[in-house]
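Please read all numbers here as calculations on a predicted model, not as lab measurements.
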Amino acid sequence: MKRYMLENLKYRKNSHAHKPLLLYGARQVGKTWLVREFAKSEYNDLIELNFLTDKSLNTIFNENITPQHIIRQLELRFNKKIDPEQTLLFFDEIQESQRAMDSLKSFNDKGTGNNIIAAGSFLGIMTGRRPVGQTDQLTLFPMSFTEFLEAQDRELLAEAIRQCDIPALTGVNDLLESLLKQYYYTGGMPAAVGEFVKSGDLRKVREIQNELINAFKGDFSKHLNDSRTEPKIRMLWDSIPLHMFKENKKFLYKNIKSGGRAAEFENAMQWLTDTGLIYKINKVETPKIPLRMHFRENYFKLYMIDIGLFGAQAEINPADILSANTDLIDDMNGALAEQFVCQELKAAEISPVFYWGRESSTAEIDFLTQINGEIIPVEVKSAKHTKSQSLKVYVQEYEPAYAVRTSLKNFGTANIQHRTKLLSIPLFLISQLPHIQTMNYIS
């Protein structure tokens with residue numbers, strides 16, 4: 001497999017960054033694999049500590065957390081000399097040791113942290129102090145659509161997408177639609193992608209997805225200090241497909257249970273958000289820069305970490321997605337298409353991401369983002385039928401420089417409503433939105 005984050009790690013190393021790196025990411029997105037691959041290509045040696053599986057490691061950090069002490073202890077434990085430039089220290093599942101987390105500040109203070117990576121699936125829920133100012137941070141997401149293509153040895157196709165080679169891609173739109181359907185079912189969790197590439201057996205892929213979901217549910221109790229919150233997390237997690245299949249996808253607590261209120265579920269919501277298992281997209285009623293200053297805290301939509309897990313949670317059958325006679329299950333209100341776009345925007349680190357709507361109207365834009373000083377509305381359509389009254393309302397009222405409609409249609413542009421340029425972007429290209437906005441021939 002190929003993960004683009006590997007290039008980020010190499011660039012960071014070559015830029016002589018001196019801080020330790022905190023690698024965030026939900027369970028099973030491939031953090032450990034990524035660090036091992038990085039060490040294999042860039043270092044002579046790797047010392048890997050897993051604080052979840054080896055509790056004896058705590059003895060190294062209990063008393064003294066100076067770099068000199070830690071490195072000497074590791075040399076004795078692993079019976080090897082540590083070359084500060086050629087040995088990568090990997091502190092895995094570091095959320096299990098607050099003292100190990102505290103040691104990262106010491107490495108930064110001494111300027112010796114450039115060859116240290118700390119990772120954990122539950123860094124976001126640590127109750128202790130996180131040395132955010134003394135570390136660099138990166139987040140690993142599930143595999144994107146182009147990474148999924150590369151896993152199937154379709155590097156040329158993935159590269160054409162990343163280069164926005166629109167003339168070439170227009171000629172293979174049917175092929176890309178078929179591959180997109182595969183991704184809708186398989187998703188981007190590395191274990192599911194690996195099984196799909198190896199066997200093509202969709203039943204085995206679904207078994208892996210269900211195993212991952214069950215593992216997540218097991219984590220709900222394992223990593224909680226409050227037993228009263230666990231059933232609320234389960235109820236909230238199980239309700240996400242129900243919300244996504246409604247025409248109005250705004251999250252309502254009463255859809256979790258009768259009489260459900262925010263105060264009852266806010267801790268559960270925060271836990272799922274902090275672990276990276278869900279994405280919370282808040283509403284903006286008045287789109288102004290910066291968007292972060294204008295969102296509504298109590299109005300939001302929820303998406304799952306991965307489209308494949310979403311399909312498994314909703315028990316969507318392969319034929320519902322992969323059949324040549326379906327337009328990406330348009331009858332399900334575009335739930336999968338919207339989940340896909342959210343996931344691609346996150347993986348491409350396009351930020352911030354909100355949605356637009358008004359209390360006095362049913363008009364709603366699926367996503368709002370801010371790129372190069374422009375607020376860009378993004379309307380998602382699951383097939384080739386792209387009429388949108390909501391986008392028309394938004395454009396008439398705010399006259400943005402760009403408006404985006406993403407669907408299965410080929411790329412195209414049109415001038416609408418005075419100063420607004422409409423960009424019709426194929427779903428498989430939505431991750432390249434910042435590049436498309438700056439391309440010369442749409443100016």
Nearest heavy-atom neighbours spanning [X] and [Y]:
X      : Y      : result
Ala26  : Ile305 : CB-CD1, 3.3 Å
Thr32  : Asp92  : OG1-OD2, 2.8 Å
Leu433 : Val378 : CD2-CG2, 4.2 Å
Pro190 : Met143 : CA-SD, 3.9 Å
Tyr355 : Asp366 : CB-O, 3.0 Å

| field | Full working for salt bridge (Lys or Arg N to Asp or Glu O under 4.0 Å) between Lys283 and Glu364 | value | CA-CA 10 Å; Lys283 177 181 178 179; Glu364 182 178 294; over 6 Å; no
Output the distance between atom [atom1] ([X]) and atom [atom2] ([Y]), rounded to the nearest 0.5 Å.
X      : Y      : atom1 : atom2 : value
Leu89  : Ile47  : CG    : CD1   : 6.0 Å
Leu176 : Ser178 : CG    : OG    : 9.5 Å
Gln95  : Phe91  : CD    : CZ    : 14.0 Å
Leu104 : Ile117 : CG    : CD1   : 11.5 Å

Six-ring centre of [Y], [X] cation under 6.0 angstrom, axis tolerance 45°:
X      : Y      : result
Lys280 : Phe300 : yes
Lys13  : Tyr43  : yes
Lys31  : Phe90  : no
Lys346 : Tyr279 : yes

| task | Step by step, work out the side-chain hydrogen bond (donor to acceptor under 3.5 Å, both in side chains) result for Gln313 and Asp238. | result | CA-CA 7 Å; Gln313 185 87 328; Asp238 291 339; 3.1 Å; yes
| So, Glu147 and Arg3, do they make that salt bridge, N to O below 4.0 Å? |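 Yes, Glu147 and Arg3 are salt-bridged.
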| message | Quick test of your reading of the model: are Glu37 and Lys40 salt-bridged, counting only N-O distances below 4.0 Å? | response |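 Answer for the salt bridge query: yes.
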| message | I'd like to know whether Leu291 forms a side chain to side chain contact (heavy atoms under 4.5 Å, CB included) with Ile375, so could you lay out the CA-CA distance, the side-chain angles of the two residues, the decisive distance to 0.1 Å, and finally the verdict. | response | CA-CA 8 Å; Leu291 284 172; Ile375 295 175; 3.8 Å; yes
Does any non-hydrogen side-chain atom of [Y] lie less than 4.5 Å from one of [X]?
X      : Y      : answer
Val35  : Leu88  : yes
Thr406 : Val341 : yes
Thr139 : Met5   : no
Leu6   : Lys2   : no
Ile376 : Gln437 : yes
Trp271 : Leu236 : no
Lys204 : Arg206 : no
Ile94  : Leu49  : no

Ignoring hydrogens and angles, tell me if any N or O in the side chain of [X] forms a donor-acceptor pair with the backbone of [Y] under 3.5 Å.
X      : Y      : result
Arg234 : Lys217 : yes
Glu75  : Ile82  : yes
Glu374 : Ile371 : no
Asn210 : Glu207 : no
Thr87  : Pro84  : no
Thr369 : Pro352 : yes
Ser97  : Ala100 : yes
Ser15  : Arg12  : yes
Glu93  : Ala119 : no
Glu48  : Leu46  : no

| task | Report the C-alpha separation of Leu157 and Leu175 in whole Å, then their side-chain angles, then the decisive distance to 0.1 Å, and conclude whether the side chain to side chain contact (heavy atoms under 4.5 Å, CB included) test is met. | result | CA-CA 10 Å; Leu157 199 54; Leu175 170 62; 4.2 Å; yes
Check the side chains of [Y] and [X] for a donor-acceptor pair under 3.5 angstrom, ignoring hydrogens and angles.
X      : Y      : result
Gln339 : Tyr184 : no
Gln343 : Asp306 : yes
Asp45  : Gln86  : no
Ser199 : Glu195 : yes
Arg77  : Ser56  : yes
Glu338 : Tyr303 : yes
Gln137 : Thr135 : yes
Ser144 : Arg162 : no

| query | Parallel, tilted or perpendicular for Tyr394 and Tyr398, by the 30°/60° rule? | reply |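 Correct class here is tilted.
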Would you say the ring centers of [X] and [Y] fall short of 6.0 Å from each other?
X      : Y      : result
Phe310 : Phe340 : no
Phe61  : Phe51  : yes
Phe354 : Phe295 : yes
Trp356 : Phe367 : no
Tyr299 : Phe251 : no

| field | Chi angles and distances behind the side-chain hydrogen bond (donor to acceptor under 3.5 Å, both in side chains) call for Gln163, Glu159 | value | CA-CA 6 Å; Gln163 292 179 349; Glu159 188 62 22; 2.9 Å; yes
| Can Leu212 and Leu309 be said to form a side chain to side chain contact (heavy atoms under 4.5 Å, CB included), step by step? | CA-CA 8 Å; Leu212 288 172; Leu309 298 183; 4.1 Å; yes
| query | Would one find more than 12 heavy atoms of other residues, nucleotides or ligands at under 6.0 Å from atom CZ of Arg154? | reply |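 Atom CZ in Arg154 is not crowded, with 12 or fewer foreign heavy atoms closer than 6.0 Å.
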| Leu156, CG: over 12 other non-hydrogen atoms inside 6.0 angstrom |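 It does not: Leu156 CG has 12 such atoms or fewer within range.
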| field | Intermediate values then yes/no, side chain to side chain contact (heavy atoms under 4.5 Å, CB included), Arg27 and Asp219 | value | CA-CA 9 Å; Arg27 177 181 170 98; Asp219 291 332; 2.9 Å; yes
